[in-house]
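Shown next, in structure tokens, is the structure this report addresses.
Starting from 1, each residue takes its place in the sequence as its number. In each ligand, atom 1 is the first atom listed, and ligand 1 is the first ligand listed.
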Amino acid sequence: MKCRICKAKAVISLRYANTAFCREHFIEFFERRVKNTIEKFGMIGKNEKIVVAVSGGKDSLTLLYVLNKLSKLMDFELIGITIDLGIEDYSRRSVEIAEKNYKRLGVDYTIIKLEDYGFTIDDITKYRVTGRVCSICGTAKRYLLNRVAKEKGASKIATGHNLDDFLQVVLQGYMYGNLESLARYYPVTPSMPGLVGRIKPLVLTPERDALVYAILNDIEFLKMECPYSRSVTSHDLKMALFYIEEKHPGMRFTMFNTYIKKIYPLIREAYFKGDMVLKKCIICGEPTNAEICLFCRVRKKLEKLKSRACAD
Ligand code: AMP
Ligand code: FES
Ligand code: ZN
Ligand code: ZN
């Protein structure tokens with residue numbers, strides 16, 4: 001197999017595009033696609049300050065590398081944020097790896113410890129807080145990223161969600177009929193008072209491509225899985241996507257375009273109830289649609305459970 005551009009030996013073949021590339025031309029192709037995604041969805045403007053949320057996994061580190069390159073080309077500022085979730089071993093390794101990569105690139109960064117805000121993810125299972133660990137963890141990540149991005153004066157938060165992640169959420173939305181959530185599910189979430197906008201610059205990047213990019217750039221990333229494994233449904237939906245793509249190369253892009261061009265506009269029209277009117281949490285002052293934000297509610301629950309455990 002030869003590179004489509006220079007005819008040297010190819011290192012990757014992309015069945016969905018019926019093409020193959022050498023290392024240099026794959027990297028060029030990959031970075032151009034991310035740049036096109038940013039432009040197509042108007043994700044980043046000149047002189048903006050962008051927070052990139054780095055977990056230490058292949059997707060967010062690949063995103064860090066590409067955005068670091070593009071920040072010079074497209075004139076925006078980049079700062080990395082990694083949250084130490086307090087998951088034994090897993091969080092220590094993920095912070096170590098993220099830090100190594102920030103230093104290698106010379107990108108400014110902040111490590112935030114969830115523990116400094118009152119609890120760790122391990123506490124959630126230790127004290128048996130009701131609810132799924134992953135969704136409480138998701139709440140904590142969203143809360144801290146938003147809070148710290150605001151403190152840093154950033155205008156957007158970029159996350160490493162790739163094409164497969166995006167489609168999996170869309171399929172899950174169809175399956176369970178979560179149409180109000182889908183009415184807000186798009187590669188860009190605009191900023192609102194108190195809420196920093198979100199962008200997914202890898203939304204047109206298949207998962208395998210992100211992995212190959214990381215390997216070809218010698219990016220050290222975390223290979224360990226989070227011990228609080230995700231829902232079986234989301235894993236199975238990813239496998240289903242993999243199967244469909246194997247049989248019909250390019251189908252994921254078709255699904256993405258169908259969603260963006262045909263389905264999302266209809267769902268948005270019918271189910272978008274307007275921007276939520278947000279109040280300020282009476283405890284922490286962060287935006288919420290209740291008296292007390294979800295994050296503070298988890299904190300309060302844990303305080304109770306911890307003091308009960310001490311009394312026993
Ligand atoms: P996940 O929800 O774990 O699939 O992660 C989705 C995205 O959220 C990642 O690609 C990162 O951009 C971001 N993210 C996840 N975990 C962390 C973390 N511990 N610190 C900072 N960003 C994170
Ligand atoms: Fe949050 Fe696994 S990373 S529960
Ligand atoms: Zn080539
Ligand atoms: Zn709060």
**OP:** Would you sort out whether F30 and F21 count as a ring pair (Phe, Tyr, Trp, His ring centres under 6.0 Å), showing the intermediate values?
**Re:** CA-CA 10 Å; F30 187 100; F21 289 115; over 10 Å; no
Subject >> D59 contact mode with ligand 1 (heavy-atom cut-off under 4.0 Å) >> reply: neither
Original post:
Is there a heavy atom of V54 sitting under 4.0 angstrom from any atom of ligand 1?
Top reply: yes
Original post:
What class does the angle between the rings of Y117 and F295 fall in, given that below 30° is parallel, 30 to 60° is tilted and above 60° is perpendicular?
Top reply: perpendicular
Original post:
What are the atoms of ligand 1, with element, lying closer than 4.0 Å to any heavy atom of I81?
Top reply: 21 (C)
Original post:
Does any non-hydrogen side-chain atom of I260 lie less than 4.5 Å from one of P187?
Top reply: yes
Original post:
Could you walk me through whether R33 and D209 pass the salt bridge (Lys or Arg N to Asp or Glu O under 4.0 Å) check?
Top reply: CA-CA 11 Å; R33 183 170 54 196; D209 292 16; 2.8 Å; yes
**OP:** Taking the six-membered ring for Trp and the single ring otherwise, decide whether the centroids of Y65 and Y213 are under 6.0 Å apart.
**Re:** no
Subject >> Nearby protein N/O/S atoms (those under 2.8 Å) for the Zn ion (ligand 3), with water ignored >> reply: C3 SG, C6 SG, C22 SG, H25 ND1
Subject >> Contacting atoms of ligand 1, where contact means under 4.0 angstrom from a heavy atom of T159 >> reply: 12 (O)
**OP:** Would you mind running through ligand 1 and noting each atom that sits below 4.0 Å from a heavy atom of T82?
**Re:** 20 (N), 21 (C)
Original post:
Hey, does A53 come in under 3.5 Å of ligand 1, counting only N/O atoms on both sides?
Top reply: yes
Subject >> Trace of the salt bridge (Lys or Arg N to Asp or Glu O under 4.0 Å) decision for E220 with R104 >> reply: CA-CA 10 Å; E220 188 186 345; R104 175 175 165 193; over 6 Å; no
Subject >> Nearest heavy atoms of F29 and Y16, plus distance in Å >> reply: CE2-OH, 3.9 Å
Original post:
Is there a path from I81 to L105 through hydrophobic residues (I, L, V, M, F, W, Y) whose side chains come within less than 4.5 Å of each other?
Top reply: yes
